Structure formats: structure tokens, C-alpha cells
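Remember, it's 1-based here, ligands and their atoms both numbered in the order they're listed. Just so it is clear, the structure is predicted and the values come from calculations on it, not from any experiment.
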Amino acid sequence: MTNRKRILVTGGAGFIGTHLCERLLSLGHEVLCVDNFYSGTRANVLHLLGNRNFELMRHDVTFPLYVEVDLIYNLACPASPVHYQYDPVQTTKTSVHGAINMLGLAKRRNARILQASTSEVYGDPNVHPQHEDYWGNVNPIGPRACYDEGKRCAETLFFDYRRRHEMSVRVARIFNTYGPYMRQDDGRVVSNFIVQALKGEPITVYGDGSQTRSFCYVSDLVDGLMALIAHDDDRVGPVNLGNPAEITVGELAERVLAMTGSRSKIEFRPIPVDDPHRRQPDISRAKKALNWAPTVGLEQGLAKTIEYFRGALSL
Ligand code: NAD
Ligand code: UDP
């Protein structure tokens with residue numbers, strides 16, 4: 001392979017990271033997976049350990065890292081509200097100190113670096129669907145702030161490093177993504193509903209279920225991340241990556257029940273503080289700049305994810 005690269009994936013043992021490592025290896029790249037196993041697991045990447053192009057390193061990105069790499073995907077950060085709120089100070093440190101350390105590494109190596117940012121930078125949005133030029137509506141002192149503001153500050157650092165040091169940075173604003181390798185106890189809605197349905201436990205809908213999200217299957221997201229890091233225009237700016245198909249949480253619960261054939265009952269629970277009411281990506285920039293759009297519909301993606309959890313739960 002002529003354009004074989006040595007690629008660092010921080011957070012590589014997490015849900016998205018595992019898929020990304022798999023894909024990069026399948027293309028013949030060398031992958032250095034760095035993870036402190038805060039929300040990811042060694043088990044996710046166990047099947048990759050025998051690959052001579054794969055290396056796993058336990059490391060916390062809040063500390064500097066000195067390695068020789070050509071390309072960096074900075075994914076390290078817990079993404080589920082349950083996990084990022086468990087140790088909020090560590091969450092902010094992971095985003096902010098992690099960004100400083102990984103940008104420092106990218107600068108020393110003159111390597112292109114991609115930041116896994118999030119739709120949470122838009123907070124509870126007043127603009128719908130969310131376009132990259134919208135500055136967001138984030139509560140800076142609420143329980144989600146450690147994640148939202150940490151990610152916003154990381155974006156600031158990425159663009160300051162670009163302006164100050166003329167570095168090649170890419171920022172992906174990822175919208176809700178789901179698929180295999182999510183933890184059973186991840187706490188996010190798709191995995192929760194599927195695991196609850198398969199176990200015959202109550203489906204926990206927070207609030208009245210009228211809030212919306214737009215769910216992207218993980219293989220589409222990985223395509224988007226790779227297209228973004230390969231994109232050669234340094235002025236591209238942040239790029240939304242997600243599937244614009246919007247659905248209410250209540251409809252998602254019904255869909256999962258129907259697809260699993262479960263007899264679980266829906267139980268309504270209090271809505272978490274600052275839970276965004278609506279969320280849908282405007283992906284016109286990704287379409288135009290990257291020629292990217294999602295291809296896996298919710299039905300198909302849910303089927304694959306249900307199959308994965310059936311196996312994981314040995315049902
Ligand atoms: P995840 O929690 O499954 O994976 C995150 C990984 O980062 C885990 O393996 C965790 O152990 C690791 N990590 C956490 N703190 C670390 C630290 N200090 N040092 C080293 N490793 C650390 O989450 P995910 O869904 O795979 O998300 C990956 C990235 O994508 C995150 O940055 C997340 O914010 C972003 N993102 C994800 C979604 C989504 O819907 N999945 C949406 C928006 C943004
Ligand atoms: N949610 C729910 N039941 C659950 C988990 C989540 O109703 O068991 C709701 C949550 O309140 C939110 C949406 O599903 O409105 C998506 O939550 P998730 O934690 O997956 O991601 P978020 O987009 O909030 O970061």
C-alpha cells in the first residue's frame with residue numbers, strides 16, 4: 001500500500017473508536033489505539049490484538065503523549081450522559097487538556113488531526129435543523145456543561161492552533177450515533193431500549209417521549225470521519241456528521257418493541273435536566289465538501305444493532 005499511514009486513534013477502545021480502528025486496519029494502515037478504558041473496554045478490541053498493524057496503549061490523554069504518528073483522530077471522551085456526568089471534572093479535563101496534548105503532538109509531528117466534536121455544542125437549539133454557523137444555546141453551569149463546554153473549548157483550541165500555527169485541523173460535529181460495540185450499560189437511548197426490550201424489562205422513556213433525535217448508523221459515521229480527515233481544504237470549518245432522519249424518542253421505543261417482538265412495557269421517567277428538545281443535523285456542508293451522506297436507514301441499522309445485542313446478551 002503506497003499511502004499507508006501510522007494513525008493514532010484516541011478513545012480507540014470505545015464504541016466509535018473500535019469501528020474506526022477496524023476500518024483503518026482493513027485498509028492496511030498501522031493503528032495505535034490509545035485509551036484509558038474509562039468508558040471503553042479492552043474487550044472491544046480484543047479481536048484486533050493479533051493484527052501486527054495494531055497496537056493498544058493504556059494512556060490518559062490529559063497527560064502528554066510522545067509517539068510517532070502521521071494522522072490523529074481524537075475521539076477520547078465519554079459520550080454517554082451517564083458516563084460523562086459521573087466524573088464531570090475529568091470529562092472537562094479530557095476534552096480540554098486532551099485537546100491541548102493531542103494538538104501539541106500533531107504540531108510536533110506536523111500531522112493532520114481530527115477532533116470528534118458533537119451536536120451538543122448547539123445545546124438545546126433555537127435553530128432547527130442545526131447548521132454549522134449556528135452558535136448554539138448551551139447552559140454553561142448545568143450537568144451537561146462538562147461535556148458541552150469541554151467540547152466547545154476543544155473546538156476553540158483546534159481553530160486557534162490552526163490560525164496560530166497553520167495546522168491542518170478537522171472538526172466533526174457528530175450527531176447521535178449508534179450500533180454494535182456500544183456497552184450494554186452505556187446509558188444512551190438506543191442501547192438502553194434494545195437491551196431493555198431483549199431482557200423483557202421496562203423501556204425507560206424520559207419525559208413524555210416527544211423530544212427528538214436523529215440517529216446515524218456507525219458505519220456511515222466512520223465513512224464521514226474518514227472523508228473529513230482526507231479532505232484537503234484546511235478552511236472547511238466544522239462539519240456536521242449525522243443522519244437527518246428525525247424521530248421522537250417515543251417513536252423509537254415503539255420501533256424497538258416492534259422489531260424485537262418484545263412484550264416490555266413503556267415506563268415514563270423524569271426528563272433529565274437540560275435535555276435538548278429537538279436535534280437534527282443540516283448536512284449540506286458535508287454533502288458539498290465531502291460528497292458524504294448517510295446510507296443506512298434506521299430500520300436497517302437497528303436490525304444490525306439488535307442482532308449484536310442478542311449475541312452479546314447470549315439470547
Ligand atoms: P465511548 O464512551 O464509547 O468512547 C470514548 C472512548 O474514550 C472510551 O474508550 C473511553 O475509555 C476513552 N476515554 C475517555 N476518557 C479518556 C481519556 N482521558 N484518555 C484516554 N481515553 C479516554 O463514546 P463514543 O460514542 O465512541 O464516542 C467517541 C467520540 O465521539 C467522543 O469524543 C464523543 O464525544 C464523540 N461523539 C459521539 C457521539 C455518539 O453518538 N456516539 C455523538 C457526538 C460525539
Ligand atoms: N432517553 C430516554 N431513555 C433512556 C435514555 C435516554 O428516553 O433510557 C432519552 C434522553 O432523555 C434524550 C434522548 O433519549 O432525550 C437521547 O439520549 P441519549 O442519552 O442517547 O443522548 P443525548 O442526545 O441526550 O446526548
Side-chain angles (χ1 to χ4, degrees), residues 9-21 33-42 44-45 57-63 65 73-85 87 90-99 101-102 114-121 124 144 147-148 150-151 154 172-179 181-183 186-196 201-216 218 221-222 225 240-242 247-250 252-253 266-279 281:
V9 181
T10 76
F15 155 53
I16 296 173
T18 302
H19 288 272
L20 182 61
C21 289
C33 169
V34 161
D35 206 295
N36 71 348
F37 307 120
Y38 177 88
S39 55
T41 65
R42 225 173 159 273
N44 274 350
V45 291
M57 180 193 277
R58 181 191 285 260
H59 174 80
D60 183 327
V61 295
T62 62
F63 296 95
L65 179 65
Y73 288 90
N74 187 35
L75 269 56
C77 185
S80 162
V82 178
H83 293 132
Y84 71 64
Q85 290 175 24
D87 190 346
Q90 172 67 12
T91 299
T92 303
K93 277 169 129 180
T94 292
S95 279
V96 178
H97 294 201
N101 290 326
M102 293 310 110
L114 179 144
Q115 166 68 357
S117 190
T118 169
S119 53
E120 289 284 323
V121 300
D124 191 8
R144 297 177 84 96
Y147 184 73
D148 301 9
K151 290 284 189 181
R173 290 188 179 153
I174 303 170
F175 284 65
N176 296 65
T177 301
Y178 69 100
Y181 295 129
M182 294 184 91
R183 280 167 51 160
D186 179 274
R188 281 176 279 186
V189 68
V190 174
S191 46
N192 267 12
F193 285 2
I194 293 176
V195 170
Q196 289 162 346
E201 293 171 357
I203 308 285
T204 54
V205 170
Y206 302 159
D208 62 5
S210 64
Q211 70 273 35
T212 70
R213 293 294 184 274
S214 306
F215 296 100
C216 183
V218 64
L221 195 264
V222 168
L225 294 176
N240 288 342
L241 294 178
I247 182 174
T248 68
V249 166
L252 177 72
I266 291 181
E267 257 182 37
F268 292 93
R269 303 269 171 91
I271 189 90
V273 176
D274 293 337
D275 200 280
H277 289 90
R278 296 186 76 183
R279 191 182 281 156

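- With salt bridges taken as basic N to acidic carboxylate O contacts below 4.0 Å, one links Glu120 and Arg144.
- Set against the non-hydrogen atoms of Asn176, the atoms of ligand 1 under 4.0 Å away are 40 (O).
- The shell of residues lying under 4.0 angstrom from ligand 1, judged by heavy atoms, excludes Ser95.
- Nearest non-hydrogen protein atom to atom 22 (C) of ligand 1 is Asn36 OD1, 3.0 Å.
- For atom 2 (O) of ligand 1, the nearest non-hydrogen atom of the protein is Ser39 OG, 2.6 Å.
- Ring geometry for Tyr147 versus Tyr84: interplanar angle under 30°, hence parallel rather than tilted (30 to 60°).
- Contact annotation: Thr10 has no heavy atom less than 4.0 Å from any atom of ligand 1.
- Looking at Ala116, Ala79, Ser117 and measuring to atom 44 (C) of ligand 1, the nearest heavy atom belongs to Ser117.
- Assignment of Lys93 to the shell around ligand 1 is not supported, since no heavy atom sits closer than 4.0 Å.
- At least one heavy atom of His59 sits less than 4.0 Å from an atom of ligand 1.
- Looking from atom 37 (C) of ligand 1 to the surrounding protein, the closest heavy atom is Ile16 CD1, 3.8 Å.
- At least one heavy atom of Gln90 lies less than 4.0 angstrom from ligand 1.
- Every protein residue with a heavy atom nearer than 4.0 Å to ligand 2 is included here: Pro81, Glu120, Arg144, Asn176, Gly187, Arg188, Val189, Asn192, Phe193, Thr204, Val205, Tyr206, Gln211, Arg213, Val249, Pro272, Asp275, Arg279.
- The heavy atom nearest to atom 43 (C) of ligand 1, considering only Val190, Ile174, Asp35, is found in Ile174.
- Looking only at heavy atoms of the protein, atom 39 (C) of ligand 1 is closest to Arg188 NH1, 3.3 Å.
- With respect to atom 31 (C) of ligand 1, the closest heavy atom belonging to the protein is Leu75 O, 3.1 Å.
- For atom 7 (O) of ligand 1, the nearest non-hydrogen atom from the set Gly40, Cys77, Gly14 belongs to Cys77.
- Less than 4.0 angstrom separates some heavy atom of Lys151 from each of these atoms of ligand 1: 31 (C), 32 (O), 33 (C), 34 (O).
- Of all protein heavy atoms, the one closest to atom 3 (O) of ligand 1 is Phe15 N, 2.9 Å.
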